[in-house]
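Worksheet for the structure shown next.
Note that these values count all heavy atoms, side chains included, but never hydrogens, waters or copies made by symmetry.
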Amino acid sequence: MTLHPTPTRSPSIDRIAELLGDEADSLLTHRCTTIDQSRLYLPGPDCVSEVWGLSDRNPQALRSLEQLHAHGRLGGTGYVSILPIDQGIEHSAGASFAKNPDYFDPAHIVELAIEGGCNAVASTFGVLGAVARKYAHKIPFIVKINHNELLTYPNRYDQVMFGTVKEAWNLGAVAVGATVYFGSPESTRQIVEVAEAFVHAHELGMATVLWCYLRNPGFKVNGVNYEASADLTGQANHLGVTIEADIIKQKQPESNGGYKAINAGGSSYGKLDERIYSQLTSDHPIDLTRYQVANCYMGRAGLINSGGASGKNDLADAVKTAVINKRAGGMGLISGRKAFQRPLAEGVDLLNAIQDVYLCAEVTIA
């Protein structure tokens, strides 16, 4: 796809197209014919008032949501860019911070979010509590209240509460975040714990963010990991908004047909309708991500996709993920490792490149 500058074009569209490379035409011109954009609640300057203002969220919670939306380079657009650094627990501190040991220090975590123009920083009780008096009034805090730790032997995959909602409120957080491993043997307990925590958070006037991840060895069929399939992640999102998550964090779909694959061996798992695959999705990544948005009550709860692990083409990968999310009707990106596992200036540039996608008027809703 060849793009030529015009006086009215955002200066970032050419960089976006260049980073997308051979995929630029497919990703920037695609039109979604599955779930039309007219059915969606799309991000915008008044999305808190127009969507959550009609809900059961109390005025304090609405103020926290507005504070989250008003901060950083994307402030006032309805889109969000969040820096999440909880990998010190989730992936072990040494493995996460060896590339850049500065981030053993909580101050550098918050400073990257500030320098990077993020709406908020999401991290652990320990990280945010250690610097709360210096930074809680300078950038919105999202405290992650549960984690999977990798020191238990043998390693297991479970989410454990590391603190209380009241503690998050006391250190100045505007929101709490939590993970549920949907599909895992422990998911029922996690759903109950997180649902109760979210009720308390809303009572105290905080917003809620749910990491809606799938975990079960049975989701891996014939070499394909359907933990990132559109149909299964979409249902995880639907469970997440059911326990009143205001924002859903989800991996961008890498496949579809999870229900079909798991049921192929004669097992009876879940329920499906063929129209999920024939009418509500296609094989295009924007259509697959739109199905995730649809399961967030048609976008009433904002969908933020994760940035994924750091690799060889982080800048291009991050921009691609942002373009797909925005054009699908999502609310933003939550990217950590791609930003903090590199020098500060490079991390800031990557975060700004993500934000430029949402600031660019030429990147439209498909």
Side-chain angles (χ1 to χ4, degrees), residues 10-24 27-28 68 71-75 77 79-88 90-91 95-123 127 135 138-140 142 209 211 247 249-252 254 285 289 303-328 330-360 362-363:
S10 162
S12 63
I13 186 61
D14 300 301
R15 187 188 191 202
I16 292 168
E18 180 181 357
L19 289 168
L20 293 176
D22 293 340
E23 296 182 278
L27 294 177
L28 293 175
L68 186 68
H71 194 81
R73 291 184 73 226
L74 298 184
T77 65
Y79 293 104
V80 298
S81 166
I82 298 172
L83 177 72
I85 304 185
D86 59 354
Q87 288 87 350
E90 297 283 346
H91 302 285
S96 299
F97 302 142
K99 291 182 180 180
N100 194 343
D102 282 345
Y103 290 97
F104 279 106
D105 181 351
H108 286 117
I109 291 174
V110 181
E111 287 164 4
L112 173 59
I114 293 173
E115 292 295 320
C118 294
N119 294 71
V121 57
S123 195
V127 164
Y135 292 114
K138 295 182 179 180
I139 185 171
I142 301 172
V209 185
W211 278 238
I247 297 173
K249 178 191 178 187
Q250 183 58 267
K251 296 179 180 179
Q252 214 158 68
E254 298 173 1
T289 305
L303 172 71
I304 54 175
N305 287 128
S306 52
S310 181
K312 293 182 179 180
N313 302 301
D314 283 347
L315 189 61
D317 289 345
V319 167
K320 175 181 175 180
T321 305
V323 167
I324 293 170
N325 172 272
K326 182 182 181 182
R327 301 211 67 224
M331 185 176 279
L333 227 58
I334 180 165
S335 186
R337 282 170 285 176
K338 282 180 168 57
F340 74 77
Q341 291 182 333
R342 60 185 67 247
L344 175 64
E346 292 182 19
V348 168
D349 184 58
L350 186 141
L351 292 169
N352 288 170
I354 290 170
Q355 294 153 10
D356 285 345
V357 171
Y358 296 96
L359 292 171
C360 181
E362 288 79 9
V363 180

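- Every residue was checked against the salt bridge (charged side-chain N to carboxylate O under 4.0 Å, His left out) condition with Glu18, not counting sequence neighbours, and none meets it.
- Looking only at distances, a side-chain donor or acceptor of Gln341 sits under 3.5 Å from a matching main-chain atom of Ser96.
- Looking only at atom types and distance, the side chain of Gln355 has no donor-acceptor partner in the side chain of Tyr79 under 3.5 Å away.
- Atoms OG and CD, on Ser306 and Gln252 in that order, are 8.0 Å from each other to the nearest 0.5 Å.
- Ring planes of His108 and Tyr103: perpendicular class, angle over 60° (limits at 30 and 60°).
- The closest side-chain heavy-atom distance from Arg327 to Val363 is below 4.5 Å.
- Of all the heavy atoms in Ala113 and Val121, the pair that sits closest is CB-CB, 3.7 Å.
- Atoms CG and CD1, from Leu359 and Ile13 in turn, are 12.0 Å apart once rounded to the nearest 0.5 Å.
- Residues passing the salt bridge (charged side-chain N to carboxylate O under 4.0 Å, His left out) test with Glu90 are Lys144, sequence neighbours excluded.
- Nearest heavy atoms, Ala98 versus Pro101: O-CD, 3.8 Å.
- To the nearest 0.5 Å, atom OG1 of residue Thr77 and atom CE of residue Met331 are 9.5 Å apart.
- Applying the salt bridge (charged side-chain N to carboxylate O under 4.0 Å, His left out) test to pairs two or more places apart or on separate chains, those with a residue in residues 331-347 are Asp314-Arg342, Arg342-Glu346.
- Taking 4.0 Å as the cut-off between side-chain N and carboxylate O, Lys249 and Asp86 do not count as a salt-bridged pair.
- The side-chain heavy atoms of Thr289 and Asn305, taken from C-beta on, include a pair separated by under 4.5 Å.
- The distance from the CD1 atom of Ile139 to the CG atom of Leu68 is 9.5 Å, given to the nearest 0.5 Å.
- The two residues Tyr358 and Leu74 come nearest to each other via the heavy atoms CB-CD2, 3.9 Å.
- Taking the charged nitrogens against the carboxylate oxygens, Asp356 and Arg73 do have a contact shorter than 4.0 Å, which makes a salt bridge.
- Within the 4.5 Å cutoff, the side chain of Ser123 has no heavy atoms near those of the Val110 side chain.
- Remark: Leu112 CG to Phe340 CZ distance equals 9.5 Å, nearest 0.5 Å.
- Between Val319 and Val357 there is a side-chain heavy-atom pair separated by less than 4.5 Å.
- Minimum interatomic distance between His71 and Cys118 (heavy atoms only, all atoms of both residues): CD2-O, 3.2 Å.
- What you find for Ile16 and Cys360 is that their closest heavy atoms are CD1-CB, 4.0 Å.
- Here CZ of Phe97 is found 6.5 Å from CD1 of Ile85. Values are rounded to the nearest 0.5 Å.
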### Message
Could you walk me through whether Leu303 and Gln250 satisfy the side-chain contact (heavy atoms from CB on, under 4.5 Å) test, starting with their C-alpha distance in whole Å, then the side-chain angles of each, then the deciding distance to 0.1 Å, before giving a yes or no?
### Response
CA-CA 7 Å; Leu303 172 71; Gln250 183 58 267; 3.8 Å; yes

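- Between the side chain of Asn119 and the backbone N or O of Ile82, no donor-acceptor pair lies under 3.5 Å.
- When all heavy atoms are compared, the tightest approach of Ala17 to Ala24 is O-CB, 3.7 Å.
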